[in-house]
Amino acid sequence: MAKTDFARIEKKWQDRWEKEKIFEVDEKSKKKKFYVLEMYPYPSASGLHIGHAFNYTIGDVYARFKRMQGFNVLYPMGYDSFGLPAENAAIKHKSHPKKFTEDAIKNYIKQQRNLGLSYDWSRKVECHRPDFYKWDQWIFLQMFKKGLAYRKAAPVNWCRKCNTVLANEQVREGRCYLHEDTEVEIKHLEQWFLKTTKYADELYEGLDKLKDWPEDIKAMQRNWIGKSHGYEIEFEINGKKWPIFTTRPDTLYGVTFMVVSAQHPRLHELVTKEQKKEVDAFLKKIKSTSQKDIEELEKEGAFTGSYAVNPATGDKVPVYAGNFVVADYGAGMVMAVPAHDQRDFEFAKKYGIAIKVVIKPFEYDLNAEKMSRAFTGEGELVNSGEFNFSNNKEAIEEMGKKFGKKVVNFKLRDWLVSRQRFWGTPIPIIYCDKCGVVSVPEKELPVVLPDDVKFTSERNPLIGDDKFVKTKCPSCGGNARRETDTMDTFVNSSWYFLRYCDAKNEKEIFDKKKVKYWMPVDLYIGGREHATGHLIYSRFYIKFLRDIGLLDFDEPAMRLFNQGMVQGEDGQKMSKSKGNVVLPETVSEKYGIDSARLFLLSLGGLDGDRNWSDRGAEGSLRFIEKIMSYFDNVKIGRSSAKTEHRVNKAVRDMTLDIETLRYNMAIIKLRELFEGLGGEIARKDLESFVKLLAVFAPHVAEELWEKIDGKGFVSLAEWPSWDEKKINEEFDKIDAAVEKTVADILNILKIVSGERVYVYVLPHEVKFYSASDLSKRVGKNVKVFAVNDKEKYDPQGKAGKAKPGRPSIFVE
RNA sequence: GCGGGGUUGCCGGAGCGGUCAAACGGGACGGACUCAAGAUCCGUUGGCUUAGUGCCUACACAGGUUCGAAUCCUGUACCCCGCACCA
């Protein structure tokens, strides 16, 4: 289909770039640094599809652009190579996940190379390699020392398909993030956690400073961290103080019962002998309810037999165990005000608990007996002792302070990092009967995953591997055993971008000076799905590493960009089962990868979804082929003022468009510029055109650069500058005038028939009107005269009607 | 329920106070070239009207601000996406 042999051109330039190592960088440069990063991929066995190509092309264009602008650009690639699919494949084929992983990586590299991505491959990071995960373990130990890595028994999310626990961030609507059909079960296990909550407030407040992060991502993080201001109020139960968290102390006089979470660790303290049976039955019932039904779940509970003393009224109110109270939010217990909270209302109705109105709506009265739902609006306090008649909203602060204290609460939970799987970073911990939990000494790192283990679907093969498990206690030298859980793979991605700065360091996690030079990331590109996972974890890691003195900045990435999805031609998500997967190899073969890059980038804003389209790719191919044939017989000489205007304007506008990631706009301007090239062109202007093209279609641009004897690689050429003085909007007006004249002629030709067209132009405008161009455009024989031309043919005296920018026309 | 973002011509999608009946691409249609097809080139693609004009209706809907709105404000409807029994 393509006339040009793109495969040849692509290979030629990819080989040269690689041979000359032109994209490799170091910190010694005097140039200003720029760090472009794409989220590193999990190397899946199925390889890359065109959507990945789109993703990486966004970064590649930017890296090329900044490089040409004279920045020292760090643009690395690596692999998030721990994870379940490889382990599952190993189980299935009785092999080792390492083999699957490394094969997949090889394939990825080959594919990415074929996309023409300008990575510095010398900095490649693969997190399944001991030289990388050693530092995962090292960080873990630093956290352990500071008490930020800790072990606790807790209700945790368990996916039976993954055969492991999951972090909160990996549970979506009660289901496993990897298995949409699998409901997560709650188990009570002792697990390792990282104390993300230590930084909850900084993670929350820091979002305001991330000016160049998308609003929706920041909103999602705010939502996830869930900072809320409220009051802690103590209720006395059986002589002990039990604090609760509330945002509505104004309703305190309306509390008619309390609800403690069914998962509350101290629930048993509240259950009396008489009620034990009932509570146990209730707990058993909840356990068998699947997570998914929770949305529709009716509020249920059981009376514990205990009573709490309302600090405002001194009244004793019953304490229930309930299924709608979250154990680890606030205090795991709530005060219930059925008159003014819908959940409490439903619960009270079900169990026949008193409903006491304490807020009266301004317009009418409430009757507790007759209410069909809770009143949650604003009103006037009643039945509230000294606070009667005040506005409930205004009373919040005063009542909160009187009966409790102001506190801030977060939804964010500590990060559960233990995984009961093999293919992850081993947790560097040893259990000794005498000394308890002991960390592996730093000099013994890494704790390496063994190669010779047998995989079964039953359990983590490390458990049965005595060579791995049996060890000596570093503290007392006695017999001890290693932790067999590994870490969540999101641990690796929390800091991999730091390792790129000093990927081969064997002595330390990284050279502080190098990281100081490159970090933070200037542009980070990746999917929106990482909003509340990776993008929070990595922010947390940065803050921790800063606090132990390794870093001197607060946030990993200054600017974040979430690309849209590339769907199949049918508008559906690409998947093997739908048969709509588009592979970069196929595309390259048909259109050349440069056409594909150009097409994908020109389909609209980069953050929107787009459908692959063979037709569209053909359109881009046509454009590239036209460019190539233009260069076959371009006349290099002097540019007209108009050409200079066009080139300079395009350079100016495209520079801004690329800077702001509006590649689609830049490509349109490139097309317009090309359409306007004609006649002689100065070498400098022609070179500018190739440079503008080079970021989008690098192989073709290199080929053209060579053809016009450009110096070195266009990939390293200096980004064109523009001269504002050469930009003269008059030229655009003239173009518009010519267009208008064409339209006028065609309009007249619609009404009258004629073969010869005469155009009469004011003398100083004659040079803008080319008879041959006009003839071609209107498909008739056109003659152009100056109005003062004595020789002109003008039988009807039309010439006199010509105006500036508006020639007169005669057709016969 | 809370939060984020949308709604533009046949389609995708620009435009973010006048120069807009609205970029660019795709599709469709007409023409040139050709024995023919393809490729390429030119044109049309809201309606009426006209020797190159003028007018009407248009950027989800309804109002408002303004000399002037697809663009700003308010409300309504619909759509997409996150989070969600968070007290």
Side-chain angles (χ1 to χ4, degrees), chain A residues 1 3 172-174 214-224 226-228 230-231 244-248 251 258-259 261 294-300 322-337 341-344 346-347 376 409-413 528-529 531-532 571 598-599 602-605 607-611 613-620 622-623 625-626 629 662 664-665 667-672 675 729 732-733 736 740-752 754 757 759 773 775-780 796 798 801 806-811:
Chain A
M1 168 176 312
K3 281 184 286 186
R172 307 259 150 92
E173 290 174 10
E215 275 314 311
D216 59 333
I217 298 289
K218 286 192 278 187
M220 280 187 235
Q221 291 207 355
R222 279 194 195 99
N223 213 311
W224 189 262
K227 184 176 184 177
S228 80
Y231 296 85
I244 58 99
F245 176 74
T246 181
T247 53
R248 296 292 304 280
T251 61
M258 308 287 286
V259 186
S261 168
I294 274 194
E295 299 150 41
E296 304 102 57
L297 201 63
E298 203 180 320
K299 320 249 166 305
E300 276 189 282
N323 64 349
F324 66 95
V325 175
V326 178
D328 52 6
Y329 181 72
M333 170 146 62
V334 296
M335 64 182 216
V337 187
D341 181 284
Q342 187 57 25
R343 287 160 310 191
D344 299 347
E346 286 168 30
F347 194 89
T376 52
N409 227 308
F410 294 95
K411 279 200 264 183
L412 186 74
R413 300 277 72 90
R528 227 169 248 109
E529 67 274 18
T532 54
L598 208 57
F599 166 66
S602 55
L603 272 175
D607 51 356
D609 294 347
R610 61 214 50 233
N611 297 351
S613 148
D614 277 345
R615 288 294 213 165
E618 279 169 35
S620 292
R622 271 200 292 276
F623 177 48
E625 299 262 39
K626 270 197 268 183
S629 64
R662 290 185 302 183
N664 53 328
M665 291 290 106
I667 290 168
I668 285 166
K669 282 159 194 162
L670 185 69
R671 292 182 103 115
E672 284 171 346
E675 290 305 320
E729 299 296 341
D732 291 340
K733 286 192 188 143
K740 181 72 182 152
T741 304
V742 170
D744 285 347
I745 296 170
L746 289 167
N747 209 349
I748 294 168
L749 285 170
K750 267 201 297 194
I751 297 157
V752 301
V757 179
V759 177
D773 283 357
S775 300
K776 199 172 154 199
R777 294 287 297 276
V778 305
K780 302 284 176 192
Q796 293 195 2
K798 294 270 186 196
K801 291 190 176 172
R806 201 74 195 274
S808 55
I809 297 158
F810 173 62
V811 175

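A, B, ... follow the sequence lines: proteins, then strands. Residue 1 opens every chain.
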Can you check nucleotides 10-14 of chain B for protein contacts, nitrogen or oxygen pairs under 3.5 Å, and list what you find?
from	atom 1	to	atom 2	distance (Å)
B/A14	OP1	A/G605	N	3.2

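- B/G13 and B/G6 are spaced 14 Å apart, taking the C1' atom of each and rounding to whole Å.
- The phosphate of B/A39 has neither OP1 nor OP2 within less than 4.0 Å of any side-chain N or O from A/R622.
- On the C1' atoms, B/A14 is 11 Å away from B/G25, given to the nearest whole Å.
- Atom CZ of A/R610 is separated from atom P of B/G26 by 16 Å (rounded to the nearest Å).
- On the P atoms, B/G63 is 14 Å away from B/A69, given to the nearest whole Å.
- The separation between A/E625 atom CD and B/G38 atom P is 18 Å, rounded to whole Å.
- Distance CD (A/E529) to C1' (B/C83): 16 Å, rounded to an integer number of Å.
- In this structure the side chain of A/Y329 reaches within 4.5 angstrom of the side chain of A/S228, judged on heavy atoms.
- To the nearest angstrom, P of B/C80 lies 16 Å from CE of A/M220.
- Of the candidate nucleotides B/C2, B/C85, B/A87, B/C85 has the atom lying nearest to any side-chain atom of A/F324.
- A/K801 has no side-chain polar atom (N or O) that falls below the 4.0 Å cut-off from OP1 or OP2 of B/U53.
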side-chain contact (heavy atoms from CB on, under 4.5 Å) between A/M258 and A/V334, intermediate numbers included: CA-CA 6 Å; A/M258 308 287 286; A/V334 296; over 6 Å; no

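- Taking atom P on both B/U8 and B/G3, the two are 25 Å apart, rounded to the nearest angstrom.
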Taking only N/O atoms, report every protein-nucleotides 42-47 of chain B pair under 3.5 Å with atom names and distance.
from	atom 1	to	atom 2	distance (Å)
B/C42	O3'	A/R777	NE	3.3
B/C42	O2'	A/R777	O	2.5
B/G43	OP1	A/R777	NE	2.6
B/G43	OP1	A/R777	NH2	2.6

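- The side chain of A/W224 sits closest to B/C83 out of B/C83, B/C24, B/U53.
- Atom P of B/C56 sits at a distance of 38 Å from the matching atom of B/G5, rounded to the whole Å.
- Taking the side-chain hydrogen bond (donor to acceptor under 3.5 Å, both in side chains) definition, one finds that A/E729 meets it with A/K649, sequence neighbours left out.
- With sequence neighbours excluded, no residue forms a side-chain hydrogen bond (donor to acceptor under 3.5 Å, both in side chains) with A/E672.
- The gap from the C1' atom of B/C72 to that of B/C16 amounts to 9 Å, rounded to the nearest Å.
- Applying the salt bridge (charged side-chain N to carboxylate O under 4.0 Å, His left out) test to A/R622 and every residue at least two apart in sequence or in another chain returns nothing.
- The nucleotide whose nearest atom lies closest to any side-chain atom of A/I751 is, among B/A51, B/C83, B/A23, B/A51.
- Using a 4.0 Å cut-off, no side-chain N or O of A/R528 falls inside it from OP1 or OP2 of B/C81.
- For the side-chain hydrogen bond (donor to acceptor under 3.5 Å, both in side chains) test, no residue two or more places apart in sequence or in another chain qualifies with A/R671.
- In terms of heavy atoms, A/L598 sits closest to A/S620 at C-OG, 4.0 Å.
- Taking atom NZ of residue A/K626 and atom C1' of nucleotide B/C24, one finds them 12 Å apart after rounding to whole Å.
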Contact letters for nucleotides 17-22 of chain B, in which S counts primed atoms plus P, OP1 and OP2 and B counts the base, heavy atoms under 4.0 Å: ------

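- The side chain of A/S228 sits closest to B/A87 out of B/A87, B/C83, B/A51.
- Partners of A/R222 under the side-chain hydrogen bond (donor to acceptor under 3.5 Å, both in side chains) rule, at least two apart in sequence or in another chain, are A/D208.
- By the 4.0 Å N-to-carboxylate-O rule, A/E675 lies close enough to A/K626 to be salt-bridged with it.
- Within the 4.5 Å cutoff, the side chain of A/T247 has no heavy atoms near those of the A/N409 side chain.
- Side-chain proximity of A/V752 to the nucleotides B/G27, B/A87, B/A51 is greatest for B/A51.
- Here A/K669 lies out of heavy-atom contact (under 4.0 Å) with every strand.
- Remark: RNA chain B forms stems of 3 or more consecutive Watson-Crick or G-U wobble pairs, all pair distances under 3.5 Å, at B:1-7 with B:77-83, B:10-12 with B:24-26, B:27-32 with B:40-45, B:46-48 with B:54-56, B:60-64 with B:72-76.
- The distance between atom CZ of A/F623 and atom C1' of B/U40, rounded to the nearest whole Å, is 16 Å.
- Nearest nucleotide to the side chain of A/I748, out of B/A51, B/G4, B/C41: B/A51.
- Listed nucleotides: B/A51, B/G82, B/C85. Nearest to the side chain of A/Q796: B/A51.
- Closest contact between the side chain of A/K299 and the listed nucleotides B/A23, B/C85, B/A87 involves B/C85.
- With sequence neighbours excluded, no residue satisfies salt bridge (charged side-chain N to carboxylate O under 4.0 Å, His left out) with A/K776.
- Rounded to an integer number of Å, the gap from CZ of A/R671 to P of B/C24 is 11 Å.
- Counting to the nearest Å, the P atom of B/A51 and the CZ atom of A/R806 are 15 Å from each other.
- Taking atom P in both B/C61 and B/U57, one finds a spacing of 14 Å when rounded to whole Å.
- Note on A/R172: a side-chain N or O is less than 4.0 Å away from OP1 or OP2 of B/C83.
- Note: A/L603 CG to A/D609 CG = 11.5 Å, rounded to the nearest 0.5 Å.
- The separation of B/C59 from B/A51, taken at their C1' atoms, amounts to 33 Å, rounded to a whole angstrom.
- Residues forming a salt bridge (charged side-chain N to carboxylate O under 4.0 Å, His left out) with A/K798 (at least two apart in sequence, or on another chain): none.
- At least one donor-acceptor pair closer than 3.5 Å links the side chain of A/R413 to the backbone N or O of A/D328.
- In this structure, A/F324 has its ring center under 6.0 Å from that of A/F347.
- For A/D614, the salt bridge (charged side-chain N to carboxylate O under 4.0 Å, His left out) partners at least two apart in sequence or on another chain are A/K590.
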